[in-house]
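Before any comments, here is the structure.
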2 protein chains.
Amino acid sequence: MDTKTRMIETATKLFQQRGYKAVGLNELLQACGITKGALYHHFPGGKEELLIACLQSLNETLTMDIESLFNRATSTEAAVRAVIGEMIKDLDRDGTIAGYTFSSIVSEMSLLSEPARDACRALYEKIQSIFYAKLVEDGFTSDRASSISLFLTASIEGGLLLCRAQNSSIPLQTISNVLPELMKEF
Amino acid sequence: MDTKTRMIETATKLFQQRGYKAVGLNELLQACGITKGALYHHFPGGKEELLIACLQSLNETLTMDIESLFNRATSTEAAVRAVIGEMIKDLDRDGTIAGYTFSSIVSEMSLLSEPARDACRALYEKIQSIFYAKLVEDGFTSDRASSISLFLTASIEGGLLLCRAQNSSIPLQTISNVLPELMKEF
DNA sequence: TCCAGCATACCAACCGGTCTGTTTTACTAT
DNA sequence: ATAGTAAAACAGACCGGTTGGTATGCTGGA
């Protein structure tokens with residue numbers, strides 16, 4: 001794997017886990033096994049340009065991952081369960097989540113960097129669009145589907161926050177159990 | 001108002017808006033109109049001790065605010081609408097939220113500081129307990145009430161994240177509209 | 001006079017970022 | 001095949017500014 005890709009992959013995980021500011025440049029370089037020369041060669045804009053690249057890369061991999069889970073699932077209910085299940089698996093194994101989320105970046109950068117905020121917005125839109133498509137497939141009207149897809153995205157991200165605060169995967173498990181129930185009622 | 005209280009109130013807003021690391025010590029001092037001497041006089045533990053104090057203070061004021069909204073409301077549905085309404089009002093007025101949330105702190109500090117994580121956990125538990133009490137009052141069983149209260153907390157925090165990413169209050173508005181509907185179905 | 005309640009001066013460590021220098025690679029003209 | 005060359009891909013020293021934190025000085029009230 002080439003240096004640039006390795007940098008993005010490593011940095012993405014770190015940013016997802018701990019946010020932007022909390023990850024120092026030197027720590028980043030050490031984790032990637034590179035030096036400043038390499039970083040500023042590939043990303044003249046420095047740390048922030050790397051962050052944007054991470055978010056864009058995340059957009060692709062996340063889309064692929066979630067879409068693959070959704071294609072294997074028969075209903076939106078099952079699909080959402082599968083996505084949350086993956087998050088719980090990560091959480092229980094590593095004690096932290098390094099996929100399917102970027103809440104730490106959003107809350108930190110939305111006021112700080114317009115490009116970063118835009119990239120985050122694009123990511124959420126992408127996730128919601130996948131939910132939306134499956135919901136329409138399930139027979140929901142367009143309005144309903146877009147409301148629910150936003151709602152799903154929000155409650156999953158919020159559930160992750162609760163998991164982080166409690167240092168446990170129980171909140172996401174609860175949400176995983178409640179969500180499908182709610183979607184039947186519509 | 002005495003210096004210590006002023007420090008806590010000002011710092012709380014800043015931490016809520018932008019997180020912990022993103023708020024520098026000097027900026028903090030300037031915003032509070034004090035010097036380092038005063039800070040380290042009242043909080044020998046420095047910035048982190050101040051953060052803990054902020055979270056504890058937030059626990060009290062947040063509880064009072066939300067409980068007051070809940071007491072005036074007839075049902076959980078109306079109460080939740082009122083809480084989200086306050087958030088939206090803040091968001092539309094200031095372009096940022098400085099009350100009813102601390103997601104930026106959670107995502108940033110959960111891996112960094114055990115005491116901070118504990119304080120956040122306590123805060124979420126407190127909020128959920130208020131929801132829970134009202135839900136039981138509405139006639140829900142204990143199990144149901146605790147599931148829904150967790151769910152409410154999660155989706156509100158998640159909705160706020162979406163608002164930050166989109167720089168708009170629409171996500172929270174959507175959630176406000178959908179949530180009560182869901183709660184009737186139970 | 002004594003001590004809480006600050007203010008001021010200062011510090012080492014670290015921050016992200018720039019700079020210059022070196023190696024590696026890719027291509028080309030002979 | 002080979003020598004020459006230019007650009008890409010790094011490496012690492014260095015920089016000014018900022019960080020959180022400390023040590024000391026001052027000051028008004030009990």
Side-chain angles (χ1 to χ4, degrees), chain A residues 1-57 104-105 107-117 119, chain B residues 1-55 57 104-105 108-117 119:
Chain A
M1 191 195 310
D2 69 327
T3 306
K4 193 167 181 176
T5 311
R6 204 173 66 244
M7 288 171 66
I8 290 181
E9 288 195 1
T10 312
T12 300
K13 278 188 191 169
L14 287 175
F15 286 146
Q16 279 182 288
Q17 285 171 357
R18 311 223 313 274
Y20 180 73
K21 289 248 176 191
V23 179
L25 207 51
N26 290 322
E27 179 196 2
L28 202 60
L29 300 172
Q30 200 172 350
C32 299
I34 56 155
T35 59
K36 288 197 179 176
L39 169 62
Y40 282 87
H41 172 72
H42 292 290
F43 304 97
K47 199 185 173 188
E48 184 167 331
E49 189 180 333
L50 174 60
L51 173 68
I52 307 291
C54 287
L55 290 172
Q56 283 164 355
S57 147
S104 29
I105 303 170
S107 53
E108 184 172 7
M109 298 303 283
S110 62
L111 289 170
L112 227 73
S113 160
E114 183 79 11
R117 217 206 55 216
Chain B
M1 189 195 309
D2 69 327
T3 306
K4 192 167 181 175
T5 311
R6 206 173 66 245
M7 288 172 65
I8 291 180
E9 289 194 0
T10 312
T12 301
K13 278 187 192 172
L14 286 175
F15 285 147
Q16 279 183 287
Q17 285 172 355
R18 310 222 314 273
Y20 180 74
K21 287 250 176 189
V23 179
L25 207 51
N26 289 322
E27 179 195 2
L28 202 61
L29 300 172
Q30 199 173 349
C32 299
I34 56 156
T35 59
K36 288 196 179 178
L39 169 63
Y40 281 88
H41 173 72
H42 293 290
F43 304 98
K47 198 184 174 187
E48 183 165 334
E49 189 181 331
L50 174 60
L51 172 69
I52 307 290
C54 286
L55 290 172
S57 149
S104 29
I105 303 171
E108 185 173 7
M109 298 302 283
S110 63
L111 289 170
L112 226 73
S113 160
E114 183 79 12
R117 217 205 56 214

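As a whole-Å value, the separation of B:Leu50 CG from D:dG21 C1' is 14 Å. Atom P of nucleotide D:dG20 and atom CD1 of B:Ile34 are separated by 13 Å, given to the nearest angstrom. Taking atom OH of residue A:Tyr40 and atom P of nucleotide D:dA9, one finds them 18 Å apart after rounding to whole Å. Across the protein-nucleic acid pair, B:Leu29 atom CG and C:dA9 atom P stand 15 Å apart, rounded to whole Å. Rounded to an integer number of Å, the gap from A:Lys21 NZ to D:dT19 P is 8 Å.
The side chain of B:Thr35 lies closest to C:dT8 when the candidates are C:dT8, D:dA9, C:dG5. When the nucleotides D:dG12, D:dG20, C:dG16 are ranked by their closest atom to the side chain of A:Leu25, C:dG16 comes out on top. For B:Lys36, the side-chain atoms get nearest to C:dT8 when compared with the rest of C:dT8, D:dA11, C:dC6.
Note on B:His42: a side-chain N or O is less than 4.0 Å away from OP1 or OP2 of C:dC6.
At a threshold of 4.0 angstrom between heavy atoms, the contacts of B:Asn26 include nucleobase atoms, whether or not backbone atoms are also involved. Note on B:Gly37: a base of the nucleic acid sits closer than 4.0 angstrom, heavy atoms only.
The base of C:dG17 does not come close enough to the side chain of A:Lys47 for any donor and acceptor atom to sit less than 3.5 Å apart.
In the model, B:Glu48 has a side-chain atom that pairs as donor or acceptor with a side-chain atom of B:Ser113 under 3.5 Å.
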